[in-house]
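Below: one structure, written as structure tokens.
For clarity, every value in this text was computed on a predicted model and none was experimentally measured.
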2 protein chains.
Amino acid sequence: MPRRNPAKKLTPAIPRYLEIARDIEQAILSGRWPPGHRIPPETDLTKRYACARMTVSKAFSSLVSAGLIERRRRLGTFVAMPSRQSAVLEVRDLKDEILARGSTYRYQLLSRTLGRALTPEATKLGLSKGAPVLRIKALHIASDTPFALEERLINVGEVPRSAEEPFTDISGGAWLIAHVPWTEAEHRISAAAANAFESNKLQIAPRSACLVVERQTWRLGRAITSVRLVFPESMHHLVARFTPRQN
Amino acid sequence: MPRRNPAKKLTPAIPRYLEIARDIEQAILSGRWPPGHRIPPETDLTKRYACARMTVSKAFSSLVSAGLIERRRRLGTFVAMPSRQSAVLEVRDLKDEILARGSTYRYQLLSRTLGRALTPEATKLGLSKGAPVLRIKALHIASDTPFALEERLINVGEVPRSAEEPFTDISGGAWLIAHVPWTEAEHRISAAAANAFESNKLQIAPRSACLVVERQTWRLGRAITSVRLVFPESMHHLVARFTPRQN
DNA sequence: GTAGTTTAATTGTCTATACAATTGGGCGTG
DNA sequence: CACGCCCAATTGTATAGACAATTAAACTAC
């Protein structure tokens with residue numbers, strides 16, 4: 001029977017398992033425990049911290065999910081090799097982003113056509129040629145200055161309700177976020193010179209530098225939408241921030 | 001004769017807590033439990049799955065760290081709003097990336113000066129003016145074509161050994177990754193037209209579109225380095241991929 | 001020596017219980 | 001009604017113990 005400590009120990013500001021996790025994290029980040037170093041087994045730390053093994057285990061779990069350590073039965077726990085760095089790229093709705101910087105937001109639908117996928121479109125979405133797709137072109141405008149040009153392709157077969165949505169007042173991105181859960185997304189970020197259509201709509205000089213974000217979204221393996229966002233130089237930058245420690 | 005007891009309850013292929021987590025995940029991803037939906041409390045699931053509360057708790061923990069659910073004491077557990085999307089941006093060493101695409105890699109140091117931080121440099125790194133810094137300019141070359149221009153600033157006070165490194169054969173990024181652990185990094189990704197120096201070194205037309213990646217790295221709150229990488233249009237794109245399910 | 005077998009170290013999962021912390025909602029008083 | 005107090009639901013953390021799975025290393029039989 002787990003009899004509680006008679007001293008009525010109030011839980012301290014920082015829980016025990018986090019304290020352990022931070023100690024280990026500190027040892028790793030300071031370089032005191034280099035990659036490959038073997039971390040004392042749970043039973044040792046159980047003694048050192050005078051706690052149950054589950055508590056140490058929980059500390060280790062959080063470090064595993066943060067990618068700082070790796071564990072193997074019988075072998076022990078080791079500081080992970082800093083193999084591939086990664087960063088969390090925040091992707092927010094453009095409307096929120098524009099409003100957040102104090103500008104007014106306006107959305108303008110340029111075109112909306114319901115049709116059958118041409119070969120390149122079908123390839124991009126992983127559909128067969130002729131499948132129903134919705135094509136949307138629109139402008140996001142911040143304080144009367146064009147902010148981004150959006151060209152979107154929606155897989156109507158997967159999102160039937162999109163065929164009834166006019167998209168005159170809400171952007172495809174905002175509508176989809178609200179109506180369709182997704183399981184996987186991929187972004188391609190690059191730079192490109194504006195073509196004639198883009199420079200015209202964005203009111204910038206032809207061939208001027210633009211940031212291009214192409215995003216494709218899937219739901220349980222089937223493509224939902226594919227979108228290409230073109231931002232004039234200096235209108236936008238993406239920020240990615242990474243902290244190794246999780247939880 | 002192996003004295004293994006075959007009648008003993010073998011642990012199934014998939015542990016109990018993962019089974020629970022997957023059921024919930026499936027309900028969320030399929031849309032059956034939309035964002036904001038209240039998930040039954042631990043005690044209910046404890047009954048439904050006939051297991052201990054710790055097991056349900058562990059299932060929930062993994063879903064929390066995957067960002068699928070949010071929990072609040074007394075209120076309960078809810079399907080997370082898909083508002084703050086995020087993606088994992090892979091950041092690899094340029095050398096690896098170039099070699100991976102089958103090109104040859106060459107690194108060329110353009111300049112290296114050890115000096116005292118000017119005001120803008122000090123501001124960027126969060127140092128006081130006059131602190132020792134190392135400035136490096138270098139080219140990354142893929143199959144004899146300039147691939148990226150690197151302009152780097154290193155906080156010598158935080159990384160003293162960098163002052164002795166010539167950086168003639170190894171890039172600042174590769175050296176730092178190997179020698180200095182970091183705790184936080186921030187990326188700024190944007191597009192810009194090449195200036196005279198950049199177009200000259202990268203052998204591209206003046207004012208042509210470039211992808212600019214600015215990265216700043218800290219270690220325990222103190223700046224280690226700040227780097228600006230300029231890629232000619234079409235030479236490079238960043239790929240970010242996101243999968244909500246984490247295990 | 002070699003091949004197979006056992007052992008032991010270590011992590012992985014689970015149970016049953018206990019108490020703390022958080023906080024919306026209900027209750028009562030002025 | 002407004003304010004403050006208490007209650008109960010729910011999650012958060014922790015304990016002590018149990019057994020399974022993994023696998024390097026020690027051991028044993030040939």
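A salt bridge is absent between B:Glu25 and B:Arg22; no separation between the charged side-chain nitrogens and carboxylate oxygens falls under 4.0 Å.
With D:dT22, C:dT15, D:dT15 as the candidates, the nucleotide lying closest to the side chain of B:Cys51 is C:dT15. When distances run from any side-chain atom of A:Arg72 to the nucleotides C:dC14, D:dA24, C:dA21, the shortest one goes to D:dA24.
Separating the CD atom of A:Glu19 from the P atom of D:dT13 is a distance of 14 Å, rounded to the nearest angstrom. Atom CD1 of A:Ile20 and atom C1' of D:dT13 are 12 Å apart (whole Å). What separates CG of A:Leu75 from C1' of C:dA9 is a distance of 10 Å, to the nearest Å. The distance between atom OH of A:Tyr17 and atom P of D:dA14, rounded to the nearest whole Å, is 7 Å. The distance between atom CD1 of A:Ile14 and atom C1' of D:dT13, rounded to the nearest whole Å, is 13 Å. In this structure, CZ of A:Phe78 is placed 16 Å from P of C:dA9, rounded to the nearest angstrom. What separates CD of A:Glu70 from P of C:dG12 is a distance of 12 Å, to the nearest Å. C:dG12 atom C1' lies 13 Å from atom CZ of A:Phe60, rounded to whole Å.
For B:Arg71 and D:dT11, the shortest distance from a side-chain N or O to OP1 or OP2 is below 4.0 Å. Between B:Arg53 and the phosphate of D:dT10, there is no side-chain N or O to OP1/OP2 separation shorter than 4.0 Å. When the side-chain nitrogen and oxygen atoms of A:Lys58 are compared with OP1 and OP2 of D:dA14, none of them lie within a distance under 4.0 Å. Put simply, A:Thr77 has a side-chain N or O that comes within less than 4.0 Å of OP1 or OP2 on C:dT11.
Looking at B:Phe167 and B:Arg152, their side chains never come closer than 4.5 Å, going by heavy atoms from C-beta outward. Residues A:Ile136 and A:Trp175 form no side-chain contact, since every pair of their non-hydrogen atoms from C-beta on lies 4.5 Å or further apart. Side-chain atoms of A:Ser171 and A:His140, non-hydrogen and from C-beta on, do get closer than 4.5 Å to each other.
Place B:Gly76 and A:Thr55 on DNA chain D by their nearest nucleotides, and B:Gly76 ends up nearer the 5' end. Along DNA chain D, the nucleotide closest to A:Met54 and the one closest to A:Arg73 are compared, and the more 5′ of them pairs with A:Met54.
Listed by chain and residue number, B:Ile98, B:Arg101, B:Ala142, B:Ser143 satisfy the side-chain contact (heavy atoms from CB on, under 4.5 Å) test with B:Ser103 (two or more places apart in sequence, or in another chain). For A:Ala27, the side-chain contact (heavy atoms from CB on, under 4.5 Å) criterion is met by A:Arg32, A:Trp33, not counting sequence neighbours. The side-chain contact (heavy atoms from CB on, under 4.5 Å) test applied to A:Ala163 returns A:Leu114, A:Val156, not counting sequence neighbours. Residues passing the side-chain contact (heavy atoms from CB on, under 4.5 Å) test with A:Ser128: none are found, sequence neighbours excluded.
Minimum interatomic distance between B:Glu150 and B:Gly173 (heavy atoms only, all atoms of both residues): OE2-N, 4.1 Å. Contact between A:Thr225 and A:Leu125 at its shortest, heavy atoms only, is C-CD2, 4.1 Å.
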Report, one pair per line, the protein and nucleotides 25-27 of chain C atoms (nitrogen or oxygen only) whose separation is under 3.5 Å.
none

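Listed in residue order, the members of residues 38-45 of chain B having a heavy atom less than 4.0 Å from DNA chain C come to none.
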